[in-house]
Amino acid sequence: MGSGAGLALLGGGRVLAGEPPLRRIAVEEAWSFPEHLEALRAAAEAGEDNLDLEQLRPLNINAANGLGARLTDLDERLAEMDRLNIDMQILSLTSPGVQVFARDQAVGLAQLANDRLAEAVARHPGRFGGLASFAPQDPSAAAKEMERATTRLGLNGFVVNSHTFNQYLDEPQFAPILEAAEALDRPIYIHPRSPSDGMAAPFRDHRLRAAIWGYAIETGTHAMRMMVSGVFDRFPKLQIVLGHMGENIPFYLWRSDHWFERRPEEYGSSLKPSEIFARNFSVTTSGVEHGPALRYTLEVLGPDRIMWAIDYPYEQMQPSVEFMDGLQLAPSTLHAIYGGNAARLFRLPAPA
């Protein structure tokens, strides 16, 4: 991390003389639409013993209540983006997406979500990008929808909310999804959801199922399964994004490598976890406005693998902007994290 060329920000996103304007692109921003919220509400009320639905049940989530309105109201979102000089948000269907539904319903909802998301992006050119949903419940249909969403709808990548009915992307049946993402050259953002049923019991108490701990444990476990299983030997160009400063993985890479090297015959990968993470993963700052954590992640990954994110509406925009604006980073590093890396990875158009 560069320290000698600190950047002093002025008002309105301007920087010191000689530096180009910052382009603020937030890359993990939740969105939904009424049919999806109604389907989640109905699933939660059905009473299934599932940590995600257990969390949704007391919210009575719908397009008219507080959280539902913030997920669906793009005008209010844009007004706040304008106030804070945020250039763009990359929208994705709020967790748990379509992954709690039966196969046919999930496939249909993913297609509808992508149509609605593409329409929203088209209504606000240059202000929104989009990550396409797919239904892992049907890997073949998922691969076809991934192609449609990028080649016909113009969306910028994909989002999956960790496990699907307690199964993970390293399992053989999901190979068509990974193959499609690699062939289309678009990243998969593995977004958190509550821990799968197999690890659920300790997370039921003290609300550990959610962002305070369970989300990172679930999503980090998913990513580690992919790294040590050999997924990235089979799909060496596949790109994965993790939020929340990497779901704890950057802070554990030394120990992961240490034990990988002591027992290499027990793992399916030819590369150490740190080698895969540096080649195939990017992380975002979503929900982690903590300078020491960012400095450590910069030291481990370098500036080209980190992107800014807010996690709106679960986090608020202003504190996230204030955190980034208050950092003393080399100008090139700040530009990369705030927007340059996202523009490259998600193939975003240049600003008009």
Side-chain angles (χ1 to χ4, degrees), residues 27-28 90 92-93 97-99 106-107 110-111 113-114 117-118 129-164 167-192 219-243 246-247 249 253 267-284 301-302 304-307 341-349:
V27 301
E28 187 193 312
I90 299 180
S92 53
L93 189 64
V98 302
Q99 290 166 248
V107 169
Q111 293 170 348
N114 295 335
L117 182 53
L131 301 184
S133 300
F134 57 84
Q137 295 92 321
D138 187 333
S140 177
K144 292 176 183 177
E145 180 59 16
M146 293 165 75
E147 181 175 12
R148 184 184 82 95
T150 51
T151 62
R152 291 177 53 189
L153 299 182
L155 297 179
N156 306 101
F158 313 104
V159 63
V160 67
N161 297 284
S162 198
H163 70 91
T164 304
Q167 296 178 313
Y168 295 87
L169 288 177
D170 61 284
E171 298 181 47
Q173 68 269 29
F174 298 121
I177 292 170
L178 305 183
E179 183 178 9
E182 184 181 57
L184 293 164
D185 194 20
R186 296 293 191 279
I188 298 176
Y189 201 126
I190 303 182
H191 185 277
T219 313
T221 299
H222 193 157
M224 286 299 301
R225 286 179 62 105
M226 295 179 73
M227 283 194 284
V228 300
S229 65
V231 160
F232 296 98
D233 285 297
R234 299 189 295 277
F235 303 103
K237 296 181 180 179
L238 175 66
Q239 294 298 307
I240 301 294
V241 182
L242 297 176
E247 310 294 1
I249 289 179
L253 281 174
Y267 303 104
S269 174
S270 66
L271 298 176
K272 297 184 294 185
S274 65
E275 293 171 324
I276 294 170
F277 210 74
R279 186 188 73 179
N280 298 93
F281 282 78
S282 296
V283 307
T284 84
L301 292 181
D304 296 333
R305 290 278 173 177
I306 304 172
M307 296 178 287
N341 293 336
R344 169 180 47 81
L345 186 62
F346 294 108
R347 297 192 179 187
L348 301 174

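These figures come from a predicted structure and were not determined experimentally.
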S.K.: Which residues pass the side-chain hydrogen bond (donor to acceptor under 3.5 Å, both in side chains) test with R234, sequence neighbours left out?
M.R.: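 For R234, no residue satisfies side-chain hydrogen bond (donor to acceptor under 3.5 Å, both in side chains) once neighbours in sequence are set aside.
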
S.K.: Within a strict 4.5 Å, meaning less than it, do heavy atoms of the H191 and L131 side chains meet?
M.R.: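 A side-chain contact is absent here, since even the closest heavy-atom pair is not under 4.5 Å.
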
S.K.: Quick check against the 3.5 Å criterion: does Q99 have a side-chain atom that pairs as donor or acceptor with the backbone of S162?
M.R.: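 Pair found, side chain donor or acceptor close to backbone of S162.
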
S.K.: Do R344 and N341 touch side chain to side chain, with heavy atoms closer than 4.5 Å?
M.R.: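 Sidechains of N341 and R344: in contact.
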
S.K.: Taking only residues two or more places apart in sequence, or in another chain, which ones meet A342 in a side-chain contact (heavy atoms from CB on, under 4.5 Å)?
M.R.: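 For A342 the side-chain contact (heavy atoms from CB on, under 4.5 Å) partners, ignoring immediate neighbours, are I25, V27, M307, F346.
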
S.K.: Ignoring hydrogens, what is the shortest heavy-atom contact between P176 and A143? Give both atom names and the distance.
M.R.: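 Looking at all heavy atoms of both residues, the shortest contact is O-CB, 3.7 Å.
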
S.K.: List the residues meeting side-chain contact (heavy atoms from CB on, under 4.5 Å) with S270, not counting sequence neighbours, and say none if there are none.
M.R.: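 Result, side-chain contact (heavy atoms from CB on, under 4.5 Å) vs S270: D233.
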
S.K.: Please report the closest heavy-atom contact between G129 and N156, naming both atoms and the distance.
M.R.: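 Looks like CA-OD1, 3.4 Å.
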
S.K.: Grab the two heavy atoms, one from P273 and one from V228, that are nearest each other, plus how far apart they are.
M.R.: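 Smallest heavy-atom distance, with atoms named: CG-CG1, 4.4 Å.
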
S.K.: Between D170 and V231, is any pair of side-chain heavy atoms under 4.5 Å apart?
M.R.: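 In short, these two side chains touch, coming nearer than 4.5 Å.
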
S.K.: Within this structure, what is the CZ-OG1 distance for the pair R347 and T150, rounded to the nearest 0.5 Å?
M.R.: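 If I round to the nearest 0.5 Å, the distance is 9.5 Å.
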
S.K.: Could you walk me through whether N280 and Q239 pass the side-chain contact (heavy atoms from CB on, under 4.5 Å) check?
M.R.: CA-CA 5 Å; N280 298 93; Q239 294 298 307; 4.0 Å; yes

S.K.: Would you say L184 and T151 make side-chain contact, with heavy atoms under 4.5 Å?
M.R.: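 Contact flag for L184/T151 side chains = yes.
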
S.K.: Kindly indicate whether the side chain of P139, heavy atoms from C-beta on, has any atom under 4.5 Å from the side chain of F134.
M.R.: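 When only atoms from C-beta onward are counted, F134 and P139 do not touch, as no gap falls below 4.5 Å.
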
S.K.: Would you name the heavy atoms of L271 and S269 that are closest together and state the gap between them?
M.R.: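 For L271 versus S269, the nearest heavy atoms are O-OG, 2.8 Å.
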
S.K.: Could you give the distance from CD (E28) to OG1 (T284), rounded to the nearest 0.5 Å?
M.R.: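 If I round to the nearest 0.5 Å, the distance is 5.0 Å.
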
S.K.: Enter the distance from E147:CD to R186:CZ here, rounded to the nearest 0.5 Å.
M.R.: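 If we round to the nearest 0.5 Å, E147:CD and R186:CZ are 11.5 Å apart.
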
S.K.: Tell me every residue that passes ring-ring contact (aromatic ring centres under 6.0 Å, His included) with Y189, counting only those two or more places apart in sequence or in another chain.
M.R.: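 With neighbours one apart ignored, the set is empty.
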
S.K.: With respect to F232, which candidate in F277, Y267, F281 satisfies the ring pair (Phe, Tyr, Trp, His ring centres under 6.0 Å) definition?
M.R.: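 So, applying the ring pair (Phe, Tyr, Trp, His ring centres under 6.0 Å) to F232 and each of F277, Y267, F281, only F281 qualifies.
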
S.K.: What pairs with E171 under salt bridge (charged side-chain N to carboxylate O under 4.0 Å, His left out), at least two apart in sequence or on another chain?
M.R.: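 E171 satisfies salt bridge (charged side-chain N to carboxylate O under 4.0 Å, His left out) with R225 only.
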
S.K.: Counting C-beta onward and ignoring hydrogens, is there a side-chain heavy-atom pair between D185 and K237 closer than 4.5 Å?
M.R.: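 No, side chains not in contact.
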
S.K.: Is there a side-chain contact between I190 and E247 in this structure, where contact means two heavy atoms from C-beta onward sitting under 4.5 Å apart?
M.R.: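 Of all side-chain heavy-atom pairs linking E247 with I190, none is under 4.5 Å.
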
S.K.: Which atom pair, heavy atoms only, marks the closest approach of T219 to P192?
M.R.: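 Closest approach of T219 to P192, heavy atoms only: OG1-CA, 3.1 Å.
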
S.K.: Compare every heavy atom of A110 with every heavy atom of V98, then report the nearest pair and how far apart it is.
M.R.: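 It is CG1-N, 3.8 Å.
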
S.K.: Which value, rounded to the nearest 0.5 Å, describes the distance between I177 atom CD1 and L238 atom CG?
M.R.: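 Between I177 CD1 and L238 CG, I get 11.0 Å after rounding to 0.5 Å.
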
S.K.: Go through L117 and L153 one step at a time and tell me if the side-chain contact (heavy atoms from CB on, under 4.5 Å) criterion holds.
M.R.: CA-CA 9 Å; L117 182 53; L153 299 182; over 6 Å; no

S.K.: How long is the span from the CZ atom in F174 to the CE atom in M226, to the nearest 0.5 Å?
M.R.: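 CE of M226 is found 11.0 Å from CZ of F174.
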
S.K.: Got a second to check how far Q173's CD is from Q137's CD, nearest 0.5 Å?
M.R.: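 Taking CD in Q173 and CD in Q137, the distance rounds to 11.5 Å.
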
S.K.: So, do H222 and L169 sit near enough that their side-chain heavy atoms are less than 4.5 Å apart?
M.R.: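 A side-chain contact under 4.5 Å exists here.
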
S.K.: Sequence neighbours left out, what passes salt bridge (charged side-chain N to carboxylate O under 4.0 Å, His left out) with R148? Give chain and number order.
M.R.: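 Salt bridge (charged side-chain N to carboxylate O under 4.0 Å, His left out) list for R148, sorted by chain: D115, E145.
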
